[in-house]
Amino acid sequence: MANPPQIAILGAGIFVKTQYIPRLSEISNLVILKAIWSRSKESAEAAVEIARKHFPGVECKWGDKGLDEIIQDASIVGVAVVLAGQIMVDMSLKMLKAGKHVLQEKPAAASINEVETALSSYRAICANATCKPIWAVAENYRFEPAFVECKKLMTEIGDMMNVQLVIEGSMNSSNPYFSSSWRRNFTGGFILDMGVHFIAGLRMLVGEVLSVSAMTSHADTTLPPPDNITSNFQLENGCSGVFVMAVSSRSPKIFWRIVGLKGTLQIERGSQDGKHGYQAFLYGVNEQTKSFFYPFSGVTEELKTFIHDISQASLKQGNVDYEAEPRISYLEGARDVAVLDAMLESAAKQGALVPVRKF
Ligand SMILES: *[C@@H]1O[C@H](CO)[C@@H](O)[C@H](O)[C@H]1NC(C)=O
Ligand SMILES: *[C@@H]1O[C@H](CO)[C@@H](O)[C@H](O)[C@H]1NC(C)=O
Ligand SMILES: *[C@@H]1O[C@H](CO)[C@@H](O)[C@H](O)[C@H]1NC(C)=O
Ligand SMILES: *[C@@H]1O[C@H](CO)[C@@H](O)[C@H](O)[C@H]1NC(C)=O
């Protein structure tokens with residue numbers, strides 16, 4: 001590529017250091033990391049130190065002044081917003097308003113109310129702008145090859161009869177995110193923060209969730225509440241299912257199982273040759289079974305998609321109709337939050353049936 005687009009990362013936490021910088025450096029032929037910003041000078045410097053090996057020109061920015069410099073720098077066409085869940089939407093909107101394309105980390109918003117304000121602010125910005133900035137949300141599951149392949153297999157199981165999504169997580173003190181302070185002060189706790197990935201995978205396979213009825217509990221007091229949720233849900237296609245999530249369990253297990261009239265599809269978290277990923281099984285007629293394993297690569301695929309989209313949008317400058325890949329759209333991320341928000345609302349009402357808000 002003649003002129004790779006230049007981007008900045010806003011945030012310098014664990015995920016920036018362990019995912020964004022390494023994944024971007026693998027595709028440094030497609031993108032230039034121009035700057036890393038953090039509220040504090042020390043954390044911006046620590047991240048820049050890691051990034052410099054692959055992006056020698058990366059600049060270190062901090063505080064209000066650093067943020068202004070990124071906004072004013074017209075060569076920076078896109079930003080990745082990787083901050084605390086409570087402040088991400090405000091920061092994304094600020095950047096969109098400044099004309100930058102934004103890839104925001106999940107969750108798309110902290111609540112359904114925030115989703116609504118976010119969407120109306122984004123519409124106002126787009127109506128005002130000559131070139132509609134792209135707002136993408138990084139949730140990676142819509143890009144995981146196992147899910148992409150399984151979506152294609154959905155026709156083989158026939159009409160859906162039943163869906164199970166079981167998440168027994170391992171968020172204990174050995175996990176680097178366990179003590180992350182913003183997650184401890186986040187309504188919905190780890191259920192919302194982690195749950196959006198699994199709901200993204202679910203929606204991708206079985207379609208939209210119409211309504212839910214849920215119960216929550218708080219069993220492990222070292223975790224923020226709730227740490228446990230069980231929800232019934234009804235899909236738009238009439239099929240019903242169950243979503244079970246325990247944030248921290250002794251023997252982690254994560255699976256989706258979709259039972260159809262002609263077969264059953266199961267996707268299970270696992271590892272092969274030392275690589276983590278998802279194993280899928282298709283049980284068809286006459287006991288025929290198909291099985292495959294794909295290691296995780298959704299973060300890279302998603303970054304490539306965002307970079308491709310912002311390059312295309314820049315080429316077509318002035319063409320306000322440029323449509324980014326729908327799988328990274330803010331709307332998709334918002335729909336995942338809507339499902340979990342409805343579950344949490346239902347749990348707060350002792351399991352009352354709550355419709356999922358549509359966007
Ligand atoms: C629209 O543009 C005007 C003039 O540039 C600006 O004052 C206003 O804040 C913008 N509104 C939004 C929602 O971006
Ligand atoms: C946390 O969970 C992982 C995975 O189940 C386990 O290997 C590890 O021993 C656990 N750590 C603690 C402190 O319980
Ligand atoms: C927790 O979040 C609320 C609202 O999001 C905020 O007002 C408060 O300052 C936060 N507290 C801590 C300790 O971060
Ligand atoms: C989840 O809740 C159930 C019922 O309240 C409780 O027995 C279980 O220990 C909880 N599990 C975790 C991992 O918190």
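Order of listing sets the numbers, starting from 1, for every ligand and every atom in it. For clarity, every value in this text was computed on a predicted model and none was experimentally measured.
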Pair Asp64 + Arg39: basic N to acidic O under 4.0 Å: yes

Output field: ring centroids Phe296/His276 closer than 6.0 Å: no

Carboxylate-amine/guanidinium contact Arg142 Asp336, below 4.0 Å: yes

Distance from atom 11 (N) of ligand 2 to nearest protein heavy atom, with residue and atom: Ser174 OG, 2.8 Å

Protein residue, atom and distance nearest to atom 3 (C) of ligand 2, heavy-atom basis: Asn172 ND2, 3.6 Å

Contacting atoms of ligand 2, where contact means under 4.0 angstrom from a heavy atom of Ser173: 13 (C)

Heavy atom of protein inside 4.0 Å of atom 14 (O) of ligand 2, strictly below: yes

Heavy atom of protein inside 4.0 Å of atom 5 (O) of ligand 2, strictly below: yes

Ring centres under 6.0 angstrom apart (Tyr20, Phe15): yes

Salt bridge (Lys or Arg N to Asp or Glu O under 4.0 Å) between Glu156 and Lys262, worked out: CA-CA 7 Å; Glu156 297 195 24; Lys262 292 194 292 189; over 6 Å; no

